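Report on one structure; see the data block that follows.
Chain letters run A, B, ... following the sequence lines, proteins first, then strands; residues in each count from 1. Because the structure is a prediction, the values reported are computed rather than measured.
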Amino acid sequence: MRRTTPKLLAAGVASIALLLSACGGDDGDDESSTDESTEGSDTDETEGTEDEATEGGGIYSVYSAEPTLFAPLGNCYESVCSAIANIVYTGLTDADPETGELILTGAESIETDDSQNFTITLKEGQTFHDGTPVTAASYINTWTYNAAFGVGTGFWWGKVLGYADIAGTEDPAAVLEGLQEVDELTFTVALDSPYSQFPLTLAYTPAVAPMADACLADLEACNEQPIGNGPYQFSEAWAHDQSITLAKNEAYNLDNVGNADGILFKIYESPSAGLRDYQAGGVDIMSPQPDELPTAEAAAGDKILRGPSSAYTFVGLPVYAPGLDDVDVRRALSMAIDRQAIIDNVLSGVGTPADDSISPAVPGYEAGSCEYCTYDPEAAKALYDQSGGLPDDTLELFFNADAGHEAWMEAVANQWFNNLGIEVKQSPVEWADHLDKIGVAEEDPENAADNPDTIKGAFRLGWLMDYPSPENYLRPLYDEGRYVAWINEGFSAKLQEGDALAPEEAVAVYREAADIVLDEMPFIPISYGESIRIWSDNVTNVNYDITKANPVFEEIEVVQQ
Amino acid sequence: MGRYVARRLLQFIPTLIFTLLLLHYLMTLSLQISGNPVASLFGDRRPPQEIIDTISAQFGLNDACLDQTGNPCLGIFWDRVTGYATGDLGFSFTGRAVTDLLSERLPLTLRLALIAIAFQIVVGIVIGVIAGIRKDKLVDNAVRMSTVLLIAVPVFVFGVLVSLLVGIYVGNWVRGEWDWAPEWVREGLFAPIYRAEHMWASLIVPGFVLGAFSLAAVARLTRSSLIENLRADYVRTARAKGLTSRRVVGVHTLRNSLIPVVTYVGVSFGGLMGGAVVTEGIFSIPGVGNLVFVAVRTGEAPIVIVVVTLLVLVFLIVNLIVDIFYAVLDPRIRYD
């Protein structure tokens with residue numbers, strides 16, 4: 001549930017970093033030792049070396065926009081904020097970027113017999129940045145607060161027993177029935193129905209990570225200087241619209257200890273300003289916009305990383321609308337779109353054509369599983385002609401204006417016109433209005449066709465995953481008549497079947513559910529996103545974490561010059 | 001004079017009240033037409049309704065009149081204005097007090113505007129005078145050509161070009177070669193964007209960009225006004241008296257030629273505030289221009305209303321100063 005609009009995350013600044021770092025001598029005297037000189041402790045700078053074992057140290061800078069807010073942490077869900085929260089806080093689990101498998105981070109174990117009652121034990125010795133210990137109570141208090149106070153990610157605990165009783169009550173004494181403390185490091189979670197993906201949902205740090213007692217007591221202060229439990233901590237208060245300065249947490253006892261001594265998130269007003277600053281050596285890690293990709297590539301050389309992101313863009317086809325209720329029409333519409341051409345010509349070559357109803361970022365994804373996503377204008381035309389067709393061969397296409405969708409929506413409209421002979425009326429609307437409009441049908445899917453307020457045309461929407469499970473695409477997007485009033489008993493049954501299985505076994509069942517969507521085509525998959533990062537000579541070991549759609553900040557090393 | 005100023009200041013009050021009312025009505029209308037902005041805070045996801053409701057209530061967006069398109073929602077307006085009276089300017093969607101945002105951002109925008117005006121007045125008048133007294137000579141032609149160019153190129157193109165040129169092409173060379181130059185020159189003056197740690201130095205280039213359009217206009221106005229006045233009888237008289245050319249131009253002619261220039265500087269201040277939106281975006285300056293630009297898109301009425309009203313107030317004050325300046329420049333103008 002990260003916000004998609006400000007897509008750009010972090011990037012960093014070099015020269016400033018050097019100035020700020022402990023070794024504040026005059027840089028730039030010799031360009032000789034640029035390689036990762038394991039710098040044998042000869043002629044070491046000043047105090048930059050704490051221990052010889054890790055060749056860490058140094059500070060690097062990262063491009064960022066202004067985050068929303070850090071406290072309550074549950075509101076820190078948009079991508080800019082969560083990028084920082086992910087290293088300032090440590091939750092319970094994580095997902096392997098390669099396989100999507102569950103990794104325990106703050107949790108020692110998560111046990112369950114029935115996928116409904118979980119016992120969570122924390123690793124010993126974890127502390128918050130203020131020195132207080134991380135306990136079972138820290139988690140229970142934070143989650144209860146988020147649920148009771150209508151925090152943005154409070155619904156994370158919607159499956160926990162008793163959620164409905166306290167949601168939005170704003171009662172400081174609220175008790176979430178399903179959370180029970182066993183001892184200082186152990187607590188149990190009872191859900192209202194089996195849900196095998198629950199441990200994976202715990203990988204979403206902003207919703208899950210604990211807040212310190214001091215933080216819950218004074219959220220305003222904690223917003224300015226969060227008290228986390230992660231590998232990096234706020235070394236000074238948030239300088240709004242300027243920077244966020246993180247220092248390595250020396251007391252951190254888990255595996256993902258940071259390499260660099262500090263990270264400076266420089267806050268920019270626009271990504272193109274950030275790119276220019278990168279060109280001038282002002283920031284170490286930068287996330288360029290697709291339309292500035294050529295400049296970024298020229299500036300970065302081989303220090304560029306392009307990785308798939310979990311972003312998934314699709315076009316919804318309300319199955320109650322006249323014409324669109326015919327599955328052949330929906331399939332024809334999908335086959336008539338040349339996704340690769342749109343990406344190449346309109347989206348600056350950034351992204352990949354979608355060929356599944358879930359994204360490559362999650363296990364269970366199978367390339368090419370969408371039969372009707374392959375561009376085939378002749379077959380599309382034939383299928384469309386033999387079906388009932390659309391009324392008057394016209395279709396209205398809704399999308400949100402001012403977010404850069406105009407160009408590719410127009411391309412889709414043109415392809416439909418050229419390949420199927422459909423007149424497409426494009427209707428850009430305001431974002432909030434768009435969401436309101438497409439949300440009407442799901443309130444009463446049965447009668448959506450007769451409701452004058454539901455939209456009767458196609459619409460665009462996108463999705464970023466919250467936790468690396470196929471279920472995180474299938475349920476929020478396609479289940480229970482979501483958006484397009486598509487209700488399919490077989491699909492819902494598969495989802496529920498998967499919920500009750502162990503996570504590894506569930507994937508295959510979810511895969512079957514995904515195939516039902518692809519066959520029925522209530523949604524046309526369009527494209528998968530791509531994250532781009534460029535970095536400067538000052539940093540090395542920049543690796544991409546697909547589940548967080550960010551570099552692994554802890555691993556990045558500063559090149560000592 | 002004192003009475004005149006007092007009267008003008010009193011006129012500010014109805015103007016500001018009307019501005020507030022108009023802005024309130026426009027923002028209300030935009031909320032009514034485009035829907036509850038809280039929903040769009042969640043990106044492509046539709047959050048559960050109870051969360052939308054809770055957040056809407058926190059920002060006073062749950063008022064029933066916001067569903068009735070065209071309703072001016074005077075109740076909300078009253079709450080807002082009484083809030084202003086107690087120093088409560090409202091909150092942004094990120095929970096920050098608008099007063100905090102203003103105190104962080106307004107000084108930067110004013111500094112930027114100050115630098116722009118300084119460029120505009122000093123450089124604009126100087127090259128205008130030079131071109132005026134050397135009419136049709138090489139300098140004059142150069143000034144006329146370059147000013148036309150500045151006026152013709154839109155600020156968002158000009159700004160990016162200057163940032164690339166000064167900040168990257170020249171800047172990288174400077175940073176590489178000029179080891180002797182102080183830090184603020186290498187990392188501030190020649191930075192492609194604003195740098196908080198070299199505040200004034202890194203605002204000079206953006207200030208120039210912001211003031212460039214008006215600078216060119218001021219130069220041309222000064223030039224033509226000066227040329228016209230140089231033909232006036234009193235100039236011939238002064239010359240006939242044997243005054244030096246420097247005194248004739250510098251004291252007598254220039255002073256009389258500045259009336260239209262000063263008028264223009266006052267009016268252009270409004271344009272400067274609009275240009276600040278663009279310039280702040282290009283140079284990544286966290287000022288009010290970008291703040292209000294974003295707030296308009298996200299539908300954050302408290303920010304838009306307060307910031308724009310403040311800009312109106314600044315505009316009124318600047319133009320009052322301009323009017324007072326008339327009397328200083330031209331003794332024939334009196335305000336009593």
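With a 4.5 Å cut-off on non-hydrogen atoms, A/Glu220 does not touch chain B at all. In this structure, chain B has no heavy atom under 4.5 Å from any part of A/Val429. No part of A/His434 comes within reach of chain B, as not one of its non-hydrogen atoms sits under 4.5 angstrom from that chain. Proximity to chain B (any heavy atom under 4.5 Å) is shown, for A/Gln279, by both the backbone and the side chain. Only the backbone of B/Asn36 comes within contact range of chain A, judged by heavy atoms closer than 4.5 Å. Using a 4.5 Å cut-off between heavy atoms, B/Ile193 touches chain A through its side chain atoms alone.
The minimum heavy-atom distance between B/Ile282 and A/Ala273, with the atom names listed, is O-CB, 3.6 Å. Across B/Pro192 and A/Arg276, no two heavy atoms sit closer than the pair CG-O, 3.5 Å.
Expressed to the nearest 0.5 Å, how far CG of B/Asp100 lies from NE2 of A/His240 amounts to 8.0 Å. Here the CG atom belonging to A/Asp241 is positioned 8.0 Å from the CG atom belonging to B/Leu291, to the nearest 0.5 angstrom. Taking CD of B/Glu280 as the reference point, atom OG of A/Ser270 lies at 11.5 Å (rounded to 0.5 Å).
Atom CD of A/Glu170 sits in a crowded spot, with more than 12 heavy atoms from other residues, nucleotides or ligands closer than 6.0 Å. Within a 6.0 Å radius of CZ in B/Phe293, other residues, nucleotides and ligands contribute 12 heavy atoms or fewer.
Using a cut-off of 4.0 Å between Lys/Arg side-chain N and Asp/Glu carboxylate O, A/Glu269 and B/Arg105 are scored as salt-bridged.
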Q.
Show, in sequence, the C-alpha distance, side-chain angles and deciding distance for B/Arg96 and A/Leu69, and conclude whether the side-chain contact (heavy atoms from CB on, under 4.5 Å) test is met.
A. CA-CA 9 Å; B/Arg96 304 206 61 214; A/Leu69 68 170; over 6 Å; no
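Taking the side chain as every heavy atom from C-beta outward, B/Arg195 and A/Lys266 approach each other to under 4.5 Å.
Proximity of a side-chain donor or acceptor of B/Arg175 to a complementary backbone N or O of A/Gly281 within less than 3.5 Å is not detected. With B/Ser284 contributing its side chain and A/Tyr268 its backbone, the two residues share no donor-acceptor pair below 3.5 Å.
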